[in-house]
2 protein chains.
Amino acid sequence: MTDKNIKDLVDRYIAVSFSVHKKAEQLIQDEIGSGLTNDQHYVLRYMNKVGTCTSSELADVFEVKKSAITAIITRLWEKGLIQRTRDVDDRRVVYLTLTEQGQSLFDKTEDRIHKLVGSFINQFDTSEINQFINTYEKLNNILIESCECRGNKE
Amino acid sequence: MTDKNIKDLVDRYIAVSFSVHKKAEQLIQDEIGSGLTNDQHYVLRYMNKVGTCTSSELADVFEVKKSAITAIITRLWEKGLIQRTRDVDDRRVVYLTLTEQGQSLFDKTEDRIHKLVGSFINQFDTSEINQFINTYEKLNNILIESCECRGNKE
DNA sequence: ATGAATAGTTAAACTGTTTAACTATTAAAC
DNA sequence: GTTTAATAGTTAAACAGTTTAACTATTCAT
């Protein structure tokens, strides 16, 4: 591949990924309403998936420091969306779970997001979607490997 | 497509796009060094592309309010990377350009980024890259249309 | 039993963001 | 022409998210 091709590809990729990222965040923001930020929504999403987790686990998953998680968790906790429960055996550990309110908020939002996504994927055929997400995941693996080589463990 | 398929697709897409976004930002951060944030780099990138621009233009391009641009521009200006020049005809307007220092910093960084990207795209064949970015751009257009329908002009 | 490691929090500092008020300037209406 | 609108940009206050560094409390290891 020539240098110019690489340059064009970089420009094109940065432009489209910026725009898609921005638009997607905006659409999600519309669905979750003004009471929650996107990042807070992603935390609820993860907790919905795994049921119970800890701050350290969230810091690993979202690739940020634990103190960043504390800030987000505290805000969700103040909104009454999550619960903090100390482990009785290892009293350093705090288990995080969705409250009923948090669960029902997430469920409602997720419904709307699924409807929205449904309306988008009608416009692609299945093979195009599969091809796209496969390449995306392949790119992800290459980036992960590259980050590990460079010692960017997190 | 079934509801479960949609759910799986949403989960898979969110996971991979989060991870790729994070890794890409990290790799770019490694290349641009600690003196600059990613957002600041993207502003330099745009200015390198167009030569001269205004704050209002940047606000349009990056889809943020003008005051957010002022903050970023001021930080780049304090680092001596960009120049502010008042228009002599319309004295409300301030033209923004890269200083020599800003240009040379961007050029050096861009070289390294191109080398890095070059090492990645070796691992895909051309048709896969084209297919991927075409679908990505198609998705972008769908999202743009959807945002416009909902009145999210910016 | 002491010292090291772990889980989580707190505080300070910073970037990026929005809203709202403001200045300065230009354009439009009359 | 003067007054009114709109435009370009900045400033200030407030907030979310982030990191670093110091700290508490607890558990593990030797």
Side-chain angles (χ1 to χ4, degrees), chain A residues 18 21-22 25-26 28-30 32-44 46 52-79 81-97 152-154, chain B residues 18 21-22 25-26 28-30 32-44 46 52-79 81-97 152-154:
Chain A
F18 172 85
H21 188 254
K22 192 92 187 182
E25 298 274 284
Q26 198 166 72
I28 291 180
Q29 184 61 59
D30 289 350
I32 65 186
S34 57
L36 226 54
T37 66
N38 278 295
D39 286 336
Q40 288 166 6
H41 167 78
Y42 288 129
V43 170
L44 295 189
Y46 182 79
T52 296
C53 65
T54 64
S55 282
S56 299
E57 186 181 340
L58 289 174
D60 272 358
V61 169
F62 290 101
E63 300 174 42
V64 295
K65 293 283 177 290
K66 285 189 293 184
S67 53
I69 297 296
T70 300
I72 293 181
I73 288 299
T74 298
R75 286 177 197 120
L76 289 170
W77 177 78
E78 284 166 350
K79 294 182 212 289
L81 302 176
I82 67 170
Q83 221 171 354
R84 288 164 144 147
T85 318
R86 281 223 114 83
D87 185 329
V88 286
D89 292 329
D90 185 343
R91 294 178 48 72
R92 292 171 301 182
V93 177
V94 176
Y95 292 120
L96 305 170
T97 49
N152 289 332
K153 281 298 177 60
E154 69 192 295
Chain B
F18 172 85
H21 187 253
K22 192 90 188 185
E25 298 274 283
Q26 197 167 73
I28 291 180
Q29 185 61 57
D30 289 349
I32 64 185
S34 57
L36 226 53
T37 67
N38 278 295
D39 286 335
Q40 289 165 5
H41 167 77
Y42 288 130
V43 170
L44 295 189
Y46 182 78
T52 296
C53 65
T54 64
S55 281
S56 300
E57 185 180 342
L58 289 174
D60 272 357
V61 169
F62 290 100
E63 299 173 43
V64 294
K65 294 282 176 292
K66 285 189 293 186
S67 53
I69 297 296
T70 300
I72 293 182
I73 289 300
T74 298
R75 287 177 196 122
L76 289 170
W77 177 78
E78 284 166 350
K79 294 182 212 288
L81 302 175
I82 68 171
Q83 221 170 354
R84 287 164 145 146
T85 319
R86 281 221 113 83
D87 186 329
V88 286
D89 292 330
D90 186 341
R91 293 178 48 69
R92 292 170 300 182
V93 178
V94 177
Y95 291 120
L96 305 168
T97 49
N152 290 333
K153 281 300 178 59
E154 70 191 294

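Just so we're clear, the structure is a prediction, and the values are computed from it rather than from any experiment. Hydrogens, waters and symmetry mates play no part in the numbers below; they use all other heavy atoms, side chains included. Every chain is numbered from 1 and lettered A, B, ... according to where its sequence line falls, protein lines coming before strand lines.
- Atom NZ in B:K65 sits about 16 Å away from atom C1' in D:dC15, given to the nearest Å.
- In D:dA5 the base sits syn relative to the sugar, since the glycosidic angle is no further than 90° from 0.
- Atoms OG1 and CG, on A:T54 and A:D87 in that order, are 10.5 Å from each other to the nearest 0.5 Å.
- Annotation for A:T52 and A:E57: closest pair O-OE1, 4.3 Å, computed over non-hydrogen atoms.
- Between the NZ atom in B:K79 and the CD atom in B:Q40 there is a gap of 4.5 Å [rounded to 0.5 Å].
- Separating the CG atom in A:L76 from the CG atom in A:L44 is a distance of 5.0 Å, to the nearest 0.5 Å.
- Computed from coordinates, the B:I32 CD1 to C:dT15 P distance equals 13 Å when rounded to whole Å.
- Per the geometry, CG belonging to A:D39 stands 11 Å off P belonging to D:dT19, to the nearest Å.
- Between A:T74 and A:R84 there is a side-chain heavy-atom pair separated by less than 4.5 Å.
- One atom, CG of B:L58, and another, P of D:dT7, lie 19 Å apart when rounded to the nearest Å.
- When rounded to the nearest whole Å, the span between CZ of A:F18 and C1' of C:dG16 equals 12 Å.
- A:E25 places its CD atom 12 Å from the P atom of C:dT17, with the value rounded to the nearest Å.
- A distance of 12.5 Å separates NE2 of A:H41 from CG of A:L81, quoted to the nearest 0.5 Å.
- If you find the closest nucleotide of DNA chain C to B:A68 and to B:K79, the one lying nearer the 5' end belongs to B:K79.
- One interatomic measurement links the two molecules: CG of B:N38 to P of C:dT17, which rounds to 12 Å at whole-angstrom precision.
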Between the protein and nucleotides 9-12 of chain C, which nitrogen or oxygen pairs come in under 3.5 angstrom?
from, atom 1, to, atom 2, distance (Å)
C:dT9, OP1, A:R84, NE, 3.4
C:dT9, OP1, A:R84, NH2, 3.2
C:dT9, OP2, A:T70, OG1, 3.1

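- In this structure, A:H21 and B:H21 have parallel ring planes: the angle between them is below the 30° cut-off, well short of the 60° mark.
- The nearest whole Å value for the distance from the CG atom in B:L36 to the P atom in C:dT15 is 11 Å.
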> Base, backbone or nothing for each nucleotide of nucleotides 24-30 of chain D, written B, S, -, heavy atoms under 4.0 angstrom, 5' to 3'?
Replying inline: -BBS---
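- Rounded to the nearest 0.5 Å, atoms OG (A:S55) and CG (A:D60) are 11.0 Å apart.
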> Would A:I28 and A:Y42 count as a side chain to side chain contact (heavy atoms under 4.5 Å, CB included) if you check the C-alpha gap in whole Å, the side-chain angles of each, and the deciding distance to 0.1 Å?
Replying inline: CA-CA 10 Å; A:I28 291 180; A:Y42 288 129; 3.5 Å; yes
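- Rotation axes derived from the C1' atoms of the five outermost pairs at either end of the helix from C:dA1-D:dT30 to C:dT25-D:dA6 lie 10° apart, to the nearest 10°.
- Judged by distance alone, the side chain of A:Q83 and the main-chain N or O of A:W77 form no donor-acceptor pair under 3.5 Å.
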> Can you list the steps and then say if A:V43 with A:F62 is a side chain to side chain contact (heavy atoms under 4.5 Å, CB included)?
Replying inline: CA-CA 9 Å; A:V43 170; A:F62 290 101; 4.1 Å; yes
